[in-house]
Amino acid sequence: MDKLNPKFYPKIVRAATIKTDEIANLLQSRTTLDKSEVYSFLKAFANAVQFLITHSYTVEVEGLGIFTPAIKAKAVDDLEDLTAMTILKKSVNFRPTAKMTTRHKSIGFEKANLDVEHL
C-alpha cells in the first residue's frame, strides 16, 4: 500500500443483527397474526427453503430474491475420478430482486481508509 497516497473506500454502516424472534415481533405488528403464528411460519419457511436447496431446487421468494444451490469443485482428468470428494465447498447464492437492489441505494455508509497492512 502506498502510504503517501492512501485510498479511501465507502464502508456500510451495519446495524445490529436481527434474529427470527425480532422479525416475528415486527411481522406480528404488521399483520393480524399473533407472534407465535408468525414465528412458527418463519421457522417452517426456513426449513422449507433449506429442504428445497438441499434437493437442488432454486427458490424464488417474491419481493426478496432467488436462492440457488452452488458448489465449488476441483477438476479431474478422468470421469471415474469425479466423486463427491471433488466437491470443495457447498454454498447457497442469493440474488436479490430488482426492487431489493434499488432499496440498497439508501443504505448508509461511512468513509473508511482500507489499511490492508493492519487487517
Side-chain angles (χ1 to χ4, degrees):
M1 177 173 206
D2 185 354
K3 291 193 184 263
L4 298 177
N5 296 309
K7 302 291 183 197
F8 297 91
Y9 301 90
K11 176 182 169 188
I12 292 176
V13 177
R14 294 190 181 166
T17 299
I18 303 299
K19 304 223 179 214
T20 306
D21 192 55
E22 295 164 297
I23 295 171
N25 283 334
L26 178 64
L27 291 174
Q28 181 271 324
S29 71
R30 296 175 180 211
T31 67
T32 58
L33 302 172
D34 67 37
K35 181 182 173 186
S36 64
E37 292 171 317
V38 174
Y39 186 83
S40 293
F41 169 79
L42 289 172
K43 297 297 276 183
F45 178 76
N47 286 333
V49 171
Q50 289 173 19
F51 173 83
L52 293 167
I53 292 291
T54 59
H55 286 83
S56 302
Y57 288 93
T58 294
V59 179
E60 181 174 359
V61 180
E62 188 176 331
L64 188 60
I66 299 172
F67 298 86
T68 308
I71 61 170
K72 186 175 196 176
K74 62 181 176 180
V76 294
D77 294 325
D78 295 310
L79 184 58
E80 297 81 32
D81 295 332
L82 188 61
T83 67
M85 297 302 293
T86 60
I87 298 172
L88 305 174
K89 180 181 176 185
K90 298 175 186 177
S91 62
V92 177
N93 293 332
F94 174 70
R95 192 171 62 243
T97 62
K99 185 176 184 179
M100 184 94 147
T101 302
T102 301
R103 287 188 171 182
H104 283 162
K105 293 178 182 175
S106 65
I107 292 176
F109 74 94
E110 62 186 24
K111 296 176 182 177
N113 182 351
L114 186 59
D115 186 357
V116 293
E117 292 180 9
H118 293 93
L119 292 179

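Only heavy atoms go into these numbers, but all of them, side chains included; no hydrogens, no water, no symmetry mates.
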Contacts under 3.5 angstrom, residues 18-27 side chains, donor-acceptor by atom type, not counting sequence neighbours:
| unit_1 | atom_1 | unit_2 | atom_2 | d |
| --- | --- | --- | --- | --- |
| D21 | OD1 | K35 | NZ | 2.8 |
| D21 | OD2 | K35 | NZ | 3.2 |
| E22 | OE1 | K19 | N | 2.9 |
| N25 | OD1 | K35 | NZ | 3.3 |

Could you list who else is in L82's hydrophobic cluster, with ILVMFWY side chains joined at under 4.5 Å, directly or through other members? V76, L79
Pairs in or reaching into residues 72-99: which pass side-chain hydrogen bond (donor to acceptor under 3.5 Å, both in side chains), with residues at least two apart or in two chains? none
Please list, chain by chain and in numerical order, all residues satisfying ring pair (Phe, Tyr, Trp, His ring centres under 6.0 Å) with F67, sequence neighbours excluded. F94
Can you tell if the side chain of L64 reaches within under 4.5 Å of the side chain of P96, non-hydrogen atoms only? no
Under 3.5 Å, which donor-acceptor pairs link side chains of residues 43-54 to any protein atom two or more places apart or in another chain?
| unit_1 | atom_1 | unit_2 | atom_2 | d |
| --- | --- | --- | --- | --- |
| N47 | ND2 | K43 | O | 3.3 |
| T54 | OG1 | Q50 | O | 3.1 |
| T54 | OG1 | F51 | O | 2.9 |

With sequence neighbours excluded, tell me which residues meet side chain to side chain contact (heavy atoms under 4.5 Å, CB included) with T31. L33, V38
Do V92 and V59 share a hydrophobic cluster (ILVMFWY, side-chain heavy atoms under 4.5 Å, transitive)? yes
Check which hydrophobic residues are tied to L88 through side-chain heavy-atom contacts below 4.5 Å, counting indirect links as well, and list them. none
Fellow cluster residues of I71, listed by chain then number, with links counted only when side-chain atoms sit under 4.5 Å apart: I87
